[in-house]
Each structure stands twice: as C-alpha cells, then as structure tokens.
Amino acid sequence: PHFIIPVPKQNDTICFNVDERPGVIFNLVRDPLTGITVNGQTIGDKKIDPNKKLNTYFGRFGIVNEKLGLKLEVTTRSIEITSGKEKMAFTWSDTVSMKQRSFALQINKERNLVVMMGDSVQFVIVLHRVWKDHPFHQDYLGFYTIDSHRLSSKTHGLLGQFYHDLSFEVGEIHQGTDPEKPDAMMMIKGQELTVTRGWQRDYREDIKHGVQVPCWFVHHNGTGLIDGVHSDYIVSGIF
Amino acid sequence: SSDPQAVFDIEIYSLKVDCKVTSRFARSVITSRVVNRANVSREVFFDVDLPKTAFITNFSMVIDGLTYVGVVKEKAAAKKQYQQAVSQGQTAGLVKASGRKMEKFTVSVNIAATKKVTFELTYEELLKRNQGQYELLIRVKPKQIVQHFEINVDIYEPQGIRFLDAHGTFVTNDLTQLIEKTVTETKGHVSFSPTVDQQRSCPLCQTSTIDGDFVINYDVNWDTPAGDIQILNGYFVHYFAPTNLKRLPKNVVFVIDQSTSMMGTRIKQTKEAMLAILADIHPDDHFSIISFDSTVTKWKPSIIEATAENIEAAKQYVNSLYARGWTNINDALLEAISMLDEAMKQHTLTEHSISLIILLSDGDPTKGETNRAQIQSNVKNGIGGKYPLYCLGFGYDLDYSFIEKMALENHGVARRIYEDSDSALQMQGFYDEVASPLLSQIELKYPENGVADLTERSFQQYYNGSEIVVAGRVTGNELDAYNMEVIAKGAEGDLFLKNQRKEQDQEKTFEDPQYIFGEYTERLWAYLTIQQLLSKRVSGTPEEKANNTARALELSLKYNFVTPLTSMVVTKPEDTLDSTMLADKLTEAESRGPPQDGQAHRVSSSPQSNYHYASRYIPPVTSVDGD
C-alpha cells in the first residue's frame with residue numbers, strides 16, 4: 001500500500017510504501033484519548049506474476065471507538081457495524097445513510113464509505129473494484145483521514161503519527177536513476193534520508209484514475225520517516 | 001454528498017411533484033422545501049431531471065421571504081449581459097444532458113443557518129403518442145427521507161381515457177398499493193405519497209428507497225375517424241390518429257455501416273437488431289439490404305419480396321457482416337435511392353405501398369464523398385421528396401447534426417442509438433415505430449377564412465400507434481373550425497374524411513375548469529410551432545433559417561419557454577461573481593459525449609431534489625491506498 005502524508009504548512013507531501021506479506025494486520029491509528037483505533041489487514045494478488053514483485057493492498061479494516069462501544073469491520077465484500085448489542089451488516093451494493101447519537105455513516109454504493117465519529121475525525125474507505133476475472137489482481141480498499149487534527153496529539157500508529165505537526169527540509173536535489181524523478185536529501189526527525197520526487201494517487205474523487213499527488217518518496221518502507229520500523233506496527237487482531 | 005453530517009443538517013421537509021395533463025399537454029410543477037438545521041451556512045443543491053422534449057417555463061427560489069425568479073431572455077442577449085457567468089464555461093450552465101430521455105436542471109444556493117428555501121420548477125411538454133400510448137415520465141430520486149413526499153397527476157382527456165397505467169421502477173411490492181389511481185370517463189388521477197417509514201431503504205437508514213422513474217401510460221378513445229378538434233380561447237388543436245385501417249405494404253432498404261469503427265459490440269448489436277427486425281418484416285413488404293465500408297455491397301441487385309426464403313437468406317447475409325474498411329455513406333445512400341427508383345420504374349412494388357430508407361451508421365464519412373454538405377445535397381437531390389430517410393446514429397462521438405439534417409431534409413427523423421447493452425433493442429424499437437404505415441400523403445384541410453397560423457398540416461406518412469397533431473388560431477366563426485377534412489392515401493386507395501362532430505358536443509367538453517389550464521390550446525400551439533420552426537432551422541435555406549429563427553425566438557420569449565434560442569437567467573442571492581447562472585435548452589447534437597466518471601456518479605446520486613453540503617475548505621487528507 002502507498003501512504004500519502006500531506007504537510008500543509010510546507011505545502012508539500014511525503015509518501016512511502018509498505019511492503020509486507022499478505023495477511024499481516026497493521027495498526028494505522030490509535031488515539032488513547034478518544035478511544036479510536038484503526039487497524040488494517042493486507043491482502044496480496046490472487047496469484048503472483050513471477051516477473052513482478054509481490055504487491056499487497058489493504059483488504060480489511062477494523063475501526064473501534066471504545067468510548068461509543070462501536071466496532072466497524074469493512075472488507076471488500078461487506079460492512080459490519082456493531083453498536084453495543086446491536087449488529088448490522090451491509091454490502092457494497094447498498095446505499096445507506098445512518099446517524100446515531102455520536103456517529104454518522106454513509107455508504108455510497110460501490111464507491112466509498114464515510115464514517116464520522118461525533119464532531120471528530122472523518123474516515124473514508126474507498127472500494128476499488130477489479131475485474132473479477134483478472135488473472136492477478138483482486139478488489140481492495142483505500143483509507144483516507146479527513147480533519148485528522150481533531151484527534152488528540154497522543155495519536156500514533158503507522159498513519160496516526162503523522163496527524164499532527166511534521167516538518168522537514170529538502171535540499172541537494174539531483175538527478176536520480178529515473179531522469180524524470182529527481183532524488184534529493186531530506187532532513188526529517190533529525191535524520192538524513194535520500195528521497196525521490198514522484199507522485200501517488202488520491203482516489204477519493206476519481207476512483208478509476210485517481211488524482212496525482214506529487215510527493216517526496218521515502219524508500220525502504222518509510223524507514224527513517226516513521227517511528228521505529230514498519231514491523232513494529234504489526235498487531236494480532238483486526239480489533 | 002461525501003459528508004454524512006451534511007445529509008442530516010439539510011432537511012427536505014417537502015417534495016411535491018404536481019402534473020396536470022390536458023389533452024396531452026402536460027404541465028409539471030416540482031416544489032421542494034428545505035431547511036438548514038446546521039448552525040452554519042450550507043450549500044443546498046436542487047437537481048431535477050426533466051424530459052428532453054419539455055421546455056422549462058418557470059423557476060423560482062424563495063429564501064428568507066424573498067423570491068428570486070428566473071427570467072427568460074434571448075440566449076445571445078443573456079450571454080452578453082451575463083458575460084461573467086458565461087466566461088466560466090460549462091459551470092455557468094444549469095442544464096446538462098442526463099441519459100437518453102432526460103436533461104438535468106441543477107441550481108445551488110447558500111442557505112444561512114436555520115433558514116429555509118423553497119424551490120419551484122415548472123416545465124411543459126406535449127406528450128407524444130408512440131405505439132398506441134402516451135407516456136408521462138417523472139424521475140424521482142430524493143437524497144434522503146422526505147417528510148412530505150407527494151406525486152399527483154391529473155389527466156383530463158375530453159376524448160375519453162381508454163386505459164391508464166401507473167408504475168414506478170423503484171416501486172417494490174410493498175409500495176405498489178400506495179399508488180392510487182382513479183379513472184373516470186375523461187379524467188384520470190394518480191397519486192403516490194409514501195410515509196417517512198415507507199421511504200426508508202432499511203429500518204435505521206436515512207436513505208430513501210425512492211429512486212427511479214415514475215411512469216404513467218395511457219391512451220384515449222378514437223371514436224371519430226377524422227380525429228378530435230378542441231377549441232378554447234381562440235386556439236384550436238386537432239388530434240388525428242385513425243384506427244382500424246388496413247396497413248400499407250412498405251418497401252424498405254436497410255443501409256448498414258460495416259466500417260472498422262463498427263468493430264466489436266456495435267456490429268454485433270446491429271446484427272442482433274437486424275435479425276430481430278427481419279423476423280418481424282411483414283410478408284406483404286418488400287425489402288433489401290445494402291452494407292457499406294469503403295465500398296458498397298448490395299445483398300441483392302434489387303428490392304425483393306419478404307418471403308420466408310428471402311428473409312432466411314437475408315439473415316444469413318446479416319450474419320456474415322463483419323467490420324472492415326472506411327465509411328462511404330454517400331455512395332451507399334445513393335445506391336439505396338437508385339434501387340428504389342429502379343423498382344418504381346419497373347413497377348415491381350405493390351400498388352399503394354410506401355417506400356423508405358433506414359440508414360444505420362456510427363461515423364463520419366471517410367471514403368468517397370466526404371464533404372458533408374455535398375453528401376446532404378446529393379441525397380436530397382437523389383430522393384427528391386419521394387421516400388423518407390430515417391437515420392440511426394450509433395454512439396456518442398457521432399456527428400449528430402449531419403445525420404439529423406439529412407433525415408429532416410428528406411421527411412424522416414434522426415435518432416441516436418445509445419451505446420449500451422440494449423442498443424439492439426433501441427434499433428428494433430425504432431423499426432417497430434415505422435413498421436406499420438397506415439396512410440401516406442396526408443393533408444389536413446381547414447376553412448381558409450376560419451383559421452390562421454397553422455402548424456404543419458401535410459405529412460408524408462402516418463404510422464399505426466402514432467398521432468398527428470395540428471394546431472392553429474381561430475380567426476372566423478369558431479364553429480367553422482370544426483369543418484375540416486382529411487385527405488390521404490390508404491391501402492385501399494384514396495381516403496377522404498370529414499369531421500362529423502356535432503357542435504353542441506363541444507359545449508360540455510371544458511365545463512370542469514379545475515382539471516384544465518385554460519390557455520393550454522394556445523400554449524400547445526406555441527410549443528408545437530416552436531418545435532417545428534426549430535426543425536426547419538436544421539434543414540432550410542439561410543433565409544428560411546433566419547425567418548424561422550426569428551419567429552421561434554419571438555414565440556419562446558412571449559410564452560416564456562426555455563428553448564435552444566433562449567436562456568433562463570437565474571440570479572442567486574449571493575454577492576459573488578458567480579451568482580448569476582443560465583439555464584439553456586440542449587439540442588441532441590449539443591448533448592453529445594458519454595457521461596464522465598464524475599458525472600456518472602452525480603447522476604447516480606442526484607435525486608429529483610438533491611441537497612448536499614459542499615465544503616469550501618479542503619483539509620489535508622492523510623491516506624493509504626493501492627498503487
């Protein structure tokens with residue numbers, strides 16, 4: 001999966017990929033103050049093209065709001081909501097708007113799911129449908145956080161650690177291995193990294209083609225950018 | 001909206017669709033009342049799908065007790081006056097194409113916290129009789145549950161209602177019983193008003209199950225062979241649709257494009273449609289097939305009888321078609337004309353039969369004569385008014401105005417075949433409309449001193465299940481207008497019909513004013529006149545075009561119709577640069593282009609009355625997604 005981290009103060013964006021074996025569950029967001037946790041499980045391609053590297057995507061997300069007693073499990077096939085003792089299940093072919101006391105949810109048929117926790121953060125899960133007879137690829141999901149600053153400054157996780165202040169410096173821009181993608185040096189969190197100018201895609205508006213977001217790409221699973229290494233974020237269960 | 005909160009902040013507390021149909025002339029009023037329950041201002045959208053054949057006549061917004069009304073102006077003047085809005089291009093337009101039958105009117109306005117807004121849109125159309133019935137289509141798609149949701153349709157047909165059927169594509173078994181239908185001899189009433197709970201798509205959902213088309217089909221009684229004349233407020237309308245006539249044998253030449261651009265689904269669906277059409281050809285008919293790519297191929301050297309053997313052979317030929325080469329439309333059409341000319345010369349066709357050419361093509365001429373004006377001229381000269389030419393254009397990237405002009409210049413019509421899974425059915429459906437001609441060379445005659453400003457009164461053909469409508473102004477004694485005659489050629493020779501209606505019958509006709517709008521005859525006349533003048537603009541000489549344009553514009557302004565010559569200027573109560581917008585009428589040629597991904601989404605999520613919040617602040621979004 002590719003991670004996009006906007007840095008609005010600097011009007012720029014950082015991005016990185018995380019490659020791990022299919023089935024691994026990552027903690028993406030954990031806010032001890034609001035009780036919100038988001039975990040995501042990776043899936044791989046249906047079968048591996050021997051000439052290409054293994055691609056992984058997110059195929060399942062678990063969102064928990066402990067304070068509201070709310071659990072949401074989203075896969076490429078279904079959306080299950082547990083609110084206290086009540087349980088509801090929908091598919092991606094449903095169009096649903098739902099509001100309970102401190103929670104609002106909207107399923108836009110075959111497209112995306114928007115979930116809002118009180119006046120707090122808003123999460124958007126995008127469904128990517130892949131031709132069902134595609135020899136390699138299968139359906140997968142994308143995860144977007146809007147108004148992430150509304151979560152507490154204690155928020156952590158593979159994504160959550162970037163919800164608050166982040167600053168960096170880029171210099172020594174020079175030609176990289178790809179003539180269209182210059183390399184540069186990035187100073188971030190007191191470390192010096194080699195980064196490459198590239199772009200990633202934001203699929204919220206145009207689910208088929210996405211919108212290109214220019215960004216500084218951090219190599220090696222975001223090592224140096226993220227706190228620790230990516231395997232530190234592996235957890236045992238979706239909730 | 002992608003913001004679930006907005007759905008709850010904006011509440012549609014009333015959505016009412018009110019249609020009144022008087023003698024096929026329909027006036028629909030859509031009224032929606034909305035309140036912003038948020039403590040901040042919200043942008044509210046009003047999206048309405050209306051039939052392509054309708055003209056918008058009124059639009060108003062009532063905000064905080066103030067009314068903002070759309071004003072119909074000449075298109076050029078409106079654009080000049082509101083250059084600022086126009087300079088924003090497409091975004092300034094309030095009307096966009098929406099699928100095959102509809103176009104979408106969208107306006108948005110910022111509503112202050114806790115304020116209300118009422119939108120009201122009115123449009124009018126003449127319902128067209130097709131295969132023995134009229135269809136009134138109402139598209140409903142509220143984004144959320146509506147407190148008071150109501151569709152009311154009143155139909156008044158002085159001729160008497162033969163049948164009336166109402167159904168909704170979204171209506172489940174549970175909702176079927178909510179469609180109330182009352183039919184008396186001349187009046188029909190249909191209503192549909194589901195409660196809040198009945199609208200819910202699931203027990204806890206705020207989303208509505210009301211999502212689709214509400215369709216009313218009906219037909220009237222045809223007791224008088226010469227048709228029915230209605231006179232009111234100085235204008236008359238004559239409806240002519242004789243039944244119980246023997247069908248005329250027809251001679252049809254199918255001209256089929258098999259150029260490379262037809263490769264794939266198009267040629268497959270064309271073959272599928274042709275096989276179905278061939279199976280339906282009447283044994284009395286004559287037919288032939290001409291296929292073309294770079295060159296022209298005649299299936300048979302001449303037009304032949306539709307015997308079972310010939311039909312079977314034609315099917316085999318159709319099955320053998322495959323896409324290749326360039327597009328030589330000119331030579332193909334001239335060959336079809338020549339084939340019919342030769343048959344006429346040889347007297348091989350049935351007496352009192354009618355001849356027609358049906359062209360099916362997806363593309364621009366790329367081989368032989370490629371100058372479009374020259375092709376149009378060649379075809380017009382070749383046909384010389386003898387046969388109607390029907391042009392079916394395949395796909396969105398087609399030059400529709402090219403085939404439309406060619407069809408209209410030759411007493412036919414053009415039709416776009418939308419590229420979809422049902423393209424074959426669309427082609428077949430069109431053929432069904434023209435499959436059963438009952439009359440040819442129809443002329444409707446009225447007393448010369450009794451009427452003026454007549455709409456078209458001469459027609460090349462009358463097809464079973466359709467209808468001829470003529471309207472005009474009554475200048476002399478009203479009673480004179482009833483003395484009309486119809487002259488036509490039928491299967492058994494010349495036909496002469498005279499109006500037999502007794503004068504005293506007319507007195508009762510309009511005694512119930514609550515079911516009609518009194519000026520309908522005049523507005524129907526204006527609607528029909530404008531439609532016909534607009535068609536003549538496509539095919540006439542430059543001088544005729546100028547005259548017809550001027551007249552159509554004059555009538556559009558006088559009757560407040562948003563036509564391709566006028567725009568409705570809508571001023572929003574906002575002190576911003578984009579507070580003025582224009583509602584235009586699209587032509588089929590202008591509405592080309594398939595829906596884009598984004599537009600398709602809007603269509604799928606846009607309700608009859610759709611309100612959603614659009615955030616002006618775009619926050620940073622942290623995300624993880626696939627490569």
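Here is how names work: the chains are called A, B, and so on, in the same order as the sequence lines, proteins then strands, and each is numbered from 1. Just so it is clear, the values below take in all heavy atoms, side chains as well, and ignore hydrogens, waters and symmetry mates.
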To the nearest 0.5 Å, what is the distance between OG1 (B:T207) and CG (A:D94)? 8.5 Å
Segment of A:E110 engaging chain B (4.5 angstrom heavy-atom cut-off): neither
Check whether A:F3 gets within reach of chain B through its side chain, its backbone, both or neither, counting any heavy atom under 4.5 Å. both
More than 12 non-hydrogen atoms from neighbouring residues, nucleotides or ligands closer than 6.0 Å to NE2 on A:H134, yes or no? yes
With chain B as the partner, which of A:T13, A:T95, A:L28, A:I5 has the greatest number of non-hydrogen pairs under 4.5 Å? A:T95
Is it true that, when you exclude A:K71 itself, more than 12 heavy atoms of the residues, nucleotides or ligands shown sit nearer than 6.0 Å to its NZ? no
Between A:F123 and chain B, which part of the residue has a heavy atom less than 4.5 Å away: side chain, backbone, both or neither? neither
Other residues, nucleotides and ligands only: do more than 12 of their heavy atoms fall within 6.0 Å of NZ on A:K46? yes
Of all residues at least two apart in sequence or in a different chain, which pass the side chain to side chain donor-acceptor pair (under 3.5 Å) check with A:K189? A:Q161, A:D227
Assess whether atom CZ of A:R77 is packed by more than 12 heavy atoms of other residues, nucleotides or ligands within 6.0 Å. no
Below 4.5 Å from any heavy atom of chain B, which atoms of A:L141 appear? Answer side chain, backbone, both or neither. backbone
For the atom pair SG (B:C202) and CE (A:M98), what is the distance rounded to the nearest 0.5 Å? 5.5 Å
Pairing residues for A:T34 by the side chain to side chain donor-acceptor pair (under 3.5 Å) criterion, not counting sequence neighbours: A:D31
